[in-house]
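Here's the structure, in structure tokens; my notes come after.
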Amino acid sequence: MHFYGTTGVNKKGHLEIGGADAVDLAETFGTPLYVYDVALIRERAQGFKQAFEEQNVKAQVAYASKAFSAVAMVQLAEEEGLSLDVVSGGELFTALTAGFPREKIHFHGNNKSREELEMAIDSGIGCIVVDNFYEIELLKSISMEKQPNEMNVLLRVTPGIEAHTHDYILTGQEDSKFGFDLQNGQAEKALMEVLDSPYFNVQGLHCHIGSQIFETTGFLLAAQKIVEKLAEWKNKFGFEAQVLNLGGGFGIRYTKEDEPIPPSQYVSEIIKEVKSLNEQYSLAMPEIWIEPGRSLVGDAGITLYKTGSSKDVPGIRRYLAVDGGMSDNIRPALYQAKYEAVLANKPLAKADDTVSIAGKCCESGDMLIWDLPLPNPEDEDILAVFCTGAYGYSMANNYNRLPRPAVVFVENGTAALVVKRETYDDLLRLDLPLK
Ligand code: LLP
């Protein structure tokens with residue numbers, strides 16, 4: 001069994017996370033329960049930051065809050081000196097409510113509404129990552145009305161890179177809904193528009209080539225295409241980028257089939273490439289910004305479930321159902337994502353059975369793990385599914401009117417509830433009667 005961060009087995013023979021007994025956590029806070037190992041999030045954040053510091057490169061490491069946005073999480077990101085990437089009015093509101101430093105907030109999105117952009121401008125956030133021509137027009141029109149200070153913007157470009165990952169999470173390729181195409185002249189046209197307008201301070205370029213990427217090649221290629229273009233633009237317009245944002249997407253280990261490289265390696269290879277490209281084209285070294293989401297919080301999250309009914313299909317398989325499913329983790333249904341799990345009440349017991357973990361939603365596709373080796377399960381075991389910290393809670397939903405689980409942060413043996421469990425009343429909060 002592979003344990004992450006502070007996760008291990010305690011004297012009682014139970015799974016322990018951040019010094020807290022997972023079985024006790026399940027009892028105290030109920031199940032399903034998302035549990036975060038705070039020390040591991042801190043370690044990951046420091047890993048990225050130190051890799052830049054060691055090489056004396058000006059940088060911002062922005063937490064992509066779409067991976068898991070909640071007030072306490074945003075506050076933890078602030079404690080660790082991260083910047084913050086938000087992608088909607090809701091994520092921005094969370095960040096503002098959490099008191100996150102506004103100048104370190106970056107706003108993304110391929111269809112930001114006028115209201116969202118006004119909110120971003122009114123609250124004075126650090127930078128808007130402009131995605132398309134429609135947005136440029138919206139920003140101009142808002143600026144004409146409000147006459148705010150010059151807005152810091154990055155232009156999001158698609159460099160034409162295909163990262164090796166699941167098709168649905170490819171974003172840097174030419175045929176993408178995101179950003180200005182770097183090769184066909186769109187990016188250049190966008191640059192001219194924003195440079196010509198008095199409302200924008202163009203800090204540089206942004207790209208994001210995909211998610212759960214295990215190689216550095218894609219990042220290096222993207223950097224290469226962008227710096228080549230920047231060299232061209234310096235000659236043509238005298239434009240020099242102060243910032244090169246290479247997005248997120250650094251892969252993590254969900255199962256033994258995944259072999260990620262350490263964050264420091266992504267960073268050092270990216271720095272090396274950007275330095276050498278800038279020397280080659282005689283450009284000043286820009287600040288490098290990155291936006292990890294999954295790799296900051298993914299393996300720090302564990303979901304605890306209570307096991308319930310089981311069903312044998314003789315000669316085929318045994319289904320074991322838990323008290324959650326695609327409502328708290330839609331990734332297996334959406335991406336065929338794979339996970340590892342143990343019984344938190346006996347993580348070291350011999351796995352002499354094989355079961356398939358079913359969710360409780362009315363949908364055959366609601367399966368969390370196929371063919372999981374487990375000790376013979378008994379009534380009401382606690383199943384701990386590893387690596388659910390990214391895109392678990394943030395993609396949770398109320399299908400079948402299941403209330404969303406609570407979220408607990410554990411550190412040094414102390415557990416803090418950071419998101420309450422939804423109640424049935426919460427589910428009906430917005431409903432109005434027929435008459
Ligand atoms: N920056 C931008 C502009 C992004 O679009 C994303 C993710 C990130 C950063 C962070 O990427 P990360 O480091 O977390 O890979 N729901 C999918 C992942 C979608 C990612 C969307 N964009 C999943 O569960 O795998």
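We count ligands from 1, going down the list as the structure has it; atoms in each ligand are counted the same way. Scope of the values below: all heavy atoms of this structure, side chains included, with no hydrogens, waters or symmetry mates.
Taking any N or O of Ala67, backbone or side chain, none lies under 3.5 Å from an N or O belonging to ligand 1. Polar contact with ligand 1: absent for His108 (N/O pair, distance under 3.5 Å).
Taking a cutoff of 4.0 Å between a charged side-chain nitrogen and a carboxylate oxygen, Glu228 and Lys225 do not qualify as a salt bridge.
Seen from the ring of Phe178, Arg156 counts as a face-on cation partner, given the 6.0 Å and 45° thresholds. In this structure, Lys189 forms no cation-pi arrangement with Phe180, as its terminal cationic atom is not both closer than 6.0 Å to the ring centre and no more than 45° off the ring axis.
Heavy-atom contacts of Ala64 reach the following atoms of ligand 1: 8 (C), 9 (C), 10 (C) (cutoff under 4.0 Å). Taking every non-hydrogen atom of Glu291 and a distance limit under 4.0 Å, the qualifying atoms of ligand 1 come out as 1 (N), 2 (C), 3 (C), 8 (C), 9 (C), 10 (C), 13 (O). Annotation for ligand 1: atoms under 4.0 Å from non-hydrogen atoms of Arg156 are 3 (C). Near Asp85, with a cut-off below 4.0 Å to any heavy atom, the atoms of ligand 1 are 1 (N), 9 (C). Ligand-side atoms of ligand 1 in range of Pro292: 13 (O), range being under 4.0 angstrom from any heavy atom.
Side-chain atoms of Glu269 and Gln265 include a donor-acceptor pair closer than 3.5 Å. The closest side-chain donor-acceptor pair between Glu363 and Tyr399 falls under 3.5 angstrom. In summary, the side chains of Glu91 and Ser69 do not present any donor paired with an acceptor at a separation below 3.5 Å, with no hydrogens or angles considered.
Heavy atoms of Ser295 stay at 4.0 angstrom or farther from ligand 1. Taking 4.0 Å as the cut-off, Gly249 counts as a neighbour of ligand 1 on heavy-atom distance.
In Phe93, the CZ atom is not crowded: 12 or fewer heavy atoms of neighbouring residues, nucleotides or ligands sit closer than 6.0 Å.
At a heavy-atom cutoff of 4.0 Å, ligand 1 is contacted by no atom of Phe178, backbone or side chain. Residue contacts with ligand 1, taken as heavy atom pairs separated by less than 4.0 Å, do not involve Val129 at all. Heavy atoms of Arg294 found under 4.0 angstrom from ligand 1 belong to the backbone as well as the side chain. Of the heavy atoms in Ser211, both backbone and side-chain atoms come closer than 4.0 Å to ligand 1.
Side-chain contact between Arg401 and Tyr424 is absent, with no heavy-atom pair separated by less than 4.5 Å. Proximity of Val322 to Pro32: side-chain heavy atoms (C-beta onward) are nowhere separated by under 4.5 Å.
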